[in-house]
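Keep in mind it's a predicted model, so treat the numbers as computed, not measured. Residue numbering restarts at 1 for every chain, and letters A, B, ... go by the order of the sequence lines.
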Amino acid sequence: MPKIPILVIAGPTASGKSALAIEMAQCFNGEIVSADSMQIYRGLDIGTAKVTAEEQAQAVHHLIDLIPMTASFSVADFVKAADEAILAIHQKGKLPIVTGGTGFYVKALLGLQNLDFQASNPEEVALLEKKSLDELVQSLKAGPQSDFIATVDLNNKQRVIRALQIQKYGLKNSASRPEYQSLVLAPDWPRQALYDRINARVELMFDQGIEKEAQQLYQAGGLSLQAGKAIGYKEFYPYFEGQGDLASVKAAIQQDSRRYAKRQLTYWRHQIPGLEWLPADQIQTELPERVSNWQKALG
RNA sequence: GGGAGUGUAGCGAAGUCUGGCUAAACGCGACGGACUGUAACUCCGUUCCUUCGGGUUCGUAGGUUCGAAUCCUACCGCUCCCA
């Protein structure tokens, strides 16, 4: 079976991925597959900078508004849903365009990441979370060792817990996945320009009424939910509990977003081999060129 | 004008009484990094300068001392209280 060509538009938050994806969809007869761990949630629109209804009218979007804000979601869920969406788009004779800020999802989608281990058991994980890191590390060391177990960061409680679950449940029968021929491009902004964009976007979110969404998420469970940890919402919780003012909430969201962008940059730089950066001030003209050359080369 | 307090690395803040173990705790920020099912998560490192030998620091200037962020003197700035 021939590889399915997909265009991936990567990059940190507020780098303009969504708009570029829409342009490419219009230009190359494509449909967009979101690779964003927060935009899959219904009701989280403003804070996740989700594409608007108008934007969705300009290009078909997949993997947005998939589940309620109280639900959990994993990379494996993403890969499964994305594979299906991409296949469907491809079969329609259209170009799948993957875009989103969740590098881990993109890495897994591109097959750069094995997902061979069994899923964790949520109840067991909840119990393990109550134990101390020390205790968890002891039981990890007491269990059967493997190459994977040896690489686990023992300071990282979350990863140690996952490792314990992997130790317990081991491998699964991995289903065969489609193979992709990908072109991965990302806008490259000067750091300060990116930060300015982030700050401005957060301002805009406040004008659009992000507080109301945050209130809903807070009431739905806040930090106890997977979605409740999203930047743009979690910073409101102390305020809802009577601490601080809106100005400090805004500043916190801006700062968390900047730091998030920094982590994303690290991820894209090192975890996605083959990713190419296009200078942001030239991307409007370079991106279509690159995509069109790529398509020609594919035949 | 009188009184009390205070000035420490990008910021906040210990250390000062009881001088050496102090290039100076800790927090924040910033930067760099990790990442196999929570990934907008979680975790790690660096953060005065350096040709890595060393050099220059704790408001400023001087003094005491073998040795000062720490003790003494003067000056400058800031805060608060009384006038």
Interatomic distance where [atom1] belongs to [X] and [atom2] belongs to [N] [whole Å]:
X	N	atom1	atom2	result
A/Y260	B/rC41	OH	C1'	10 Å
A/L223	B/rC41	CG	P	11 Å
A/W268	B/rA39	CH2	C1'	11 Å
A/Y233	B/rC41	OH	P	14 Å
A/E235	B/rA40	CD	P	14 Å
A/I198	B/rA40	CD1	P	13 Å
A/F73	B/rA40	CZ	C1'	15 Å
A/Y41	B/rC41	OH	P	13 Å

Classify the side-chain pair [X]/[Y] by whether it contains a donor and acceptor separated by less than 3.5 Å.
X	Y	answer
A/S257	A/R201	no
A/Y180	A/D83	yes
A/N199	A/E203	no
A/E241	A/Y218	yes
A/Q39	A/K50	no
A/Q58	A/E54	no
A/E124	A/Y169	yes

I'd like to check [X] versus [Y] (side-chain heavy atoms, cut-off strictly below 4.5 Å). Are they in contact?
X	Y	answer
A/L154	A/K141	yes
A/V8	A/L185	no
A/K250	A/Q254	yes

Can you tell me the Watson-Crick or wobble partner of [N], both distances under 3.5 angstrom?
N	value
B/rU22	none
B/rA39	none
B/rA74	B/rU60
B/rG45	B/rC31
B/rA9	none
B/rU51	none

Work out how far the [atom1] atom of [N] is from that of [M], and round it to whole angstrom.
N	M	atom1	answer
B/rA23	B/rU38	P	46 Å
B/rG54	B/rG33	C1'	29 Å
B/rC71	B/rG1	C1'	31 Å
B/rU57	B/rG63	P	15 Å
B/rG7	B/rU70	C1'	15 Å
B/rA30	B/rC11	P	15 Å
B/rU16	B/rA69	C1'	7 Å
B/rG77	B/rU56	P	30 Å

Report summary line: Closest to the 5' end of RNA chain B, once A/S120 and A/N155 are matched to their nearest nucleotides, is A/S120
Query raised in the report: For A/T102 and B/rA39, is the shortest distance between a side-chain N/O and OP1 or OP2 below 4.0 Å?
Result: no
Query raised in the report: With respect to the phosphate group of B/rA39, does any side-chain polar atom (N or O) of A/Q226 fall under 4.0 Å of OP1 or OP2?
Result: yes
Report task. Name the nucleic acid region contacted by A/G232, choosing base, sugar-phosphate or nothing; use a 4.0 angstrom heavy-atom cut-off, strictly under. Result -> nothing
Report task. Tell me what A/D256 touches on the nucleic acid: a base, only sugar-phosphate, or nothing, going by heavy atoms under 4.0 Å. Result -> nothing
Report summary line: Heavy-atom contacts, protein to nucleotides 30-36 of chain B, under 4.0 Å, summarised as B (base), S (sugar-phosphate only) or - (none) per nt, yield SBBSSBB
Report task. Heavy atoms only: give me the nearest A/T102-A/S37 pair and the separation to one decimal. Result -> OG1-N, 2.8 Å
**Report entry** Residues touching RNA chain B, which here means a heavy atom under 4.0 Å, drawn from residues 236-249 of chain A
**Finding:** none
Query raised in the report: Should the heavy atoms of other residues, nucleotides or ligands under 6.0 Å from NZ of A/K131 be counted, would the total exceed 12?
Result: no
**Report entry** Syn or anti for B/rG53 (syn when the glycosidic angle lies within 90° of 0)
**Finding:** syn
